Number of protein chains: 2
Amino acid sequence: MRDCHKWGQKFQNYGLRLTISREAILEVLINTDKHLSAEDIFMAVHSNNPAIGLTTIYRTLELLKQTGIVTKFEFGHGKAKYELTEEYSKKKHHHHLICKKCRKVVDYTDFIMEEKEYINKAATGMQNKFGFDIDTHIIHFYGICPECKAE
Amino acid sequence: MRDCHKWGQKFQNYGLRLTISREAILEVLINTDKHLSAEDIFMAVHSNNPAIGLTTIYRTLELLKQTGIVTKFEFGHGKAKYELTEEYSKKKHHHHLICKKCRKVVDYTDFIMEEKEYINKAATGMQNKFGFDIDTHIIHFYGICPECKAE
DNA sequence: TCTGATAATGAAAACCATTATCATTTTGTA
DNA sequence: TACAAAATGATAATGGTTTTCATTATCAGA
């Protein structure tokens, strides 16, 4: 990687330090296209940096969430999953497709224009109706994946 | 109430019994327009039926979820919330608007046609692309409510 | 109505992801 | 280099949810 300028900057602005642990965690997040739990990240980091504890993973993820670098998702299966926000990720804007049986999560990137249209209308509507300022939305689709269907 | 035929039927089909506890829990769910946690339901049930324990609440909610009578939501603040599915509820199809500060949840029912259009396209797309059978989706909007903004 | 098989229940303990505590180490800066 | 602030790891605590297990309620058939 060695491309931490963007975060380095962000960390500075928040008075935070860019430490080995934090770099290692970011590196894991950058080099995956999966949806990792804190424990997944812990194990990935652990292979190179056995000294980094699970507590630090959680703390750092919380920090990264607060600075808008990662998003935390709860798919409803106990463990939360984390991924880089659009601004910091190579991934396109996407939603999640979750298999109710095996809990696999797949990204879905089509029909973004249609989605934007709907979301904008809805967000404006809510602004007017309730005075809520909307800044994020999530869309999850639940179903059964082909592998589980085949069983 | 005394209008349990629909569930009574459903319970029968699954070889389940329609007990006092289950009726009491359903009654609470019917007579609210809020998003209740297991504990909320426990407390509501407890006033009339002090003998019913929290374990039964959890077990029953899981059962109701499996039979498609209630939906479980995880808004990401610890406790899961439950509400009747559309088929069994007086509520219209709606989505959730969640205040990130005070965690209030508000229902939002507008722009359903636009939503349907987008969701149908997306669901069909996913069917074709991944072979996933989609049967539910959730849309959550996150923001700051007017009360929290005022503070 | 009784009876036995099965399902449902409550209390308590177990679970397990996440958070808080606190003493120690690391970091950036004077 | 020295010092204050931030970061860390090990451990304990938290808290919502599940399991366990002995007891009780329910239903179908005799």
Side-chain angles (χ1 to χ4, degrees), chain A residues 4 7-26 28 35-46 48-67 69-82 103, chain B residues 4 7-26 28 35-67 69-82 103 105:
Chain A
C4 307
W7 316 307
Q9 194 58 49
K10 192 133 200 173
F11 273 57
Q12 290 276 320
N13 296 346
Y14 281 85
L16 302 170
R17 295 170 183 173
L18 191 51
T19 63
I20 308 287
S21 312
R22 291 170 181 179
E23 282 195 56
I25 291 166
L26 277 166
V28 168
H35 311 84
L36 303 178
S37 67
E39 204 187 337
D40 294 336
I41 296 168
F42 171 68
M43 290 191 300
V45 165
H46 197 261
N48 288 325
N49 306 67
I52 297 173
L54 186 53
T55 309
T56 298
I57 308 290
Y58 276 108
R59 263 191 298 233
T60 303
L61 287 171
E62 174 61 23
L63 218 56
L64 293 171
K65 194 183 91 179
Q66 279 172 15
T67 52
I69 295 173
V70 313
T71 309
K72 179 180 182 182
F73 290 101
E74 321 228 7
F75 294 119
H77 298 137
K79 299 182 178 181
K81 303 290 183 71
Y82 299 82
R103 302 176 177 192
Chain B
C4 309
W7 318 306
Q9 194 57 49
K10 191 134 200 170
F11 272 58
Q12 291 276 321
N13 296 346
Y14 280 86
L16 301 172
R17 295 172 183 173
L18 190 51
T19 63
I20 308 288
S21 311
R22 290 169 182 179
E23 283 195 56
I25 292 165
L26 277 167
V28 169
H35 311 83
L36 304 178
S37 66
E39 204 187 336
D40 294 335
I41 296 168
F42 171 70
M43 290 190 300
V45 165
H46 197 263
S47 59
N48 288 325
N49 306 67
I52 297 173
L54 186 54
T55 311
T56 298
I57 307 290
Y58 276 108
R59 267 191 296 231
T60 303
L61 287 170
E62 174 61 23
L63 217 55
L64 293 171
K65 192 183 94 181
Q66 279 171 15
T67 53
I69 296 174
V70 314
T71 309
K72 178 181 183 180
F73 290 101
E74 321 227 8
F75 294 119
H77 299 136
K79 298 183 179 181
K81 302 290 182 73
Y82 299 83
R103 301 176 178 190
V105 178

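Letters A, B, ... mirror the listed sequences (proteins, then strands); counts begin at 1. In this text the structure is predicted, and so the values were computed from the model without any measurement.
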Can a donor-acceptor pair be found, under 3.5 Å and without considering hydrogens, that links the side chain of [X] to the backbone of [Y]?
X       : Y       : answer
A/Lys10 : A/Thr67 : yes
A/Thr60 : A/Thr56 : yes
A/Arg22 : A/Arg17 : yes

Measure [atom1]/[X] against [atom2]/[N] and give the value in whole Å, please.
X       : N      : atom1 : atom2 : answer
B/Leu63 : D/dT17 : CG    : C1'   : 16 Å
B/Glu62 : C/dA7  : CD    : P     : 17 Å
A/Arg22 : C/dT27 : CZ    : C1'   : 11 Å
B/Leu54 : C/dA11 : CG    : C1'   : 11 Å
A/Asn13 : D/dA6  : CG    : P     : 16 Å
A/Ile25 : D/dA7  : CD1   : C1'   : 11 Å
A/Phe42 : D/dG9  : CZ    : P     : 9 Å
A/Tyr14 : D/dA5  : OH    : P     : 22 Å

Does the plane of the ring in B/His46 sit parallel, tilted or perpendicular to the ring in B/Phe42? Use 30° and 60° as the thresholds.
tilted
Counting C-beta onward and ignoring hydrogens, is there a side-chain heavy-atom pair between A/Glu39 and A/Lys79 closer than 4.5 Å?
yes
Residues A/Tyr82, A/Val70; criterion side-chain contact (heavy atoms from CB on, under 4.5 Å); working and verdict
CA-CA 6 Å; A/Tyr82 299 82; A/Val70 313; 4.2 Å; yes
Can you list the steps and then say if A/Arg59 with A/Glu62 is a salt bridge (Lys or Arg N to Asp or Glu O under 4.0 Å)?
CA-CA 5 Å; A/Arg59 263 191 298 233; A/Glu62 174 61 23; over 6 Å; no
Measure from the side-chain heavy atoms of B/Ala38 and tell me the nearest of D/dT17, D/dG9, C/dA8.
D/dT17
Would you indicate which nucleotide in D/dA7, D/dT18, C/dT9 comes nearest to any side-chain atom of B/Lys72?
D/dT18
Describe the nucleic acid contact of B/Ser37 in one word from base, sugar-phosphate, nothing, applying a heavy-atom distance below 4.0 Å.
nothing
Shortest non-hydrogen contact between A/Phe11 and A/Ile69, atoms and distance
CE1-CD1, 3.8 Å
For A/Ile52 and A/Ala24 the tightest heavy-atom approach is CD1-CB, 4.3 Å
Letter by letter from the 5' end, nucleotides 19-28 of chain D scores (B base, S sugar-phosphate only, - none; protein heavy atoms under 4.0 Å) BB----BBS-
Quick check on D/dT17: is either OP1 or OP2 less than 4.0 Å from any side-chain nitrogen or oxygen of B/Tyr58?
yes
Counting only non-hydrogen atoms, which of residues 73-82 of chain A are less than 4.0 Å from DNA chain C?
A/Gly78, A/Lys79, A/Ala80
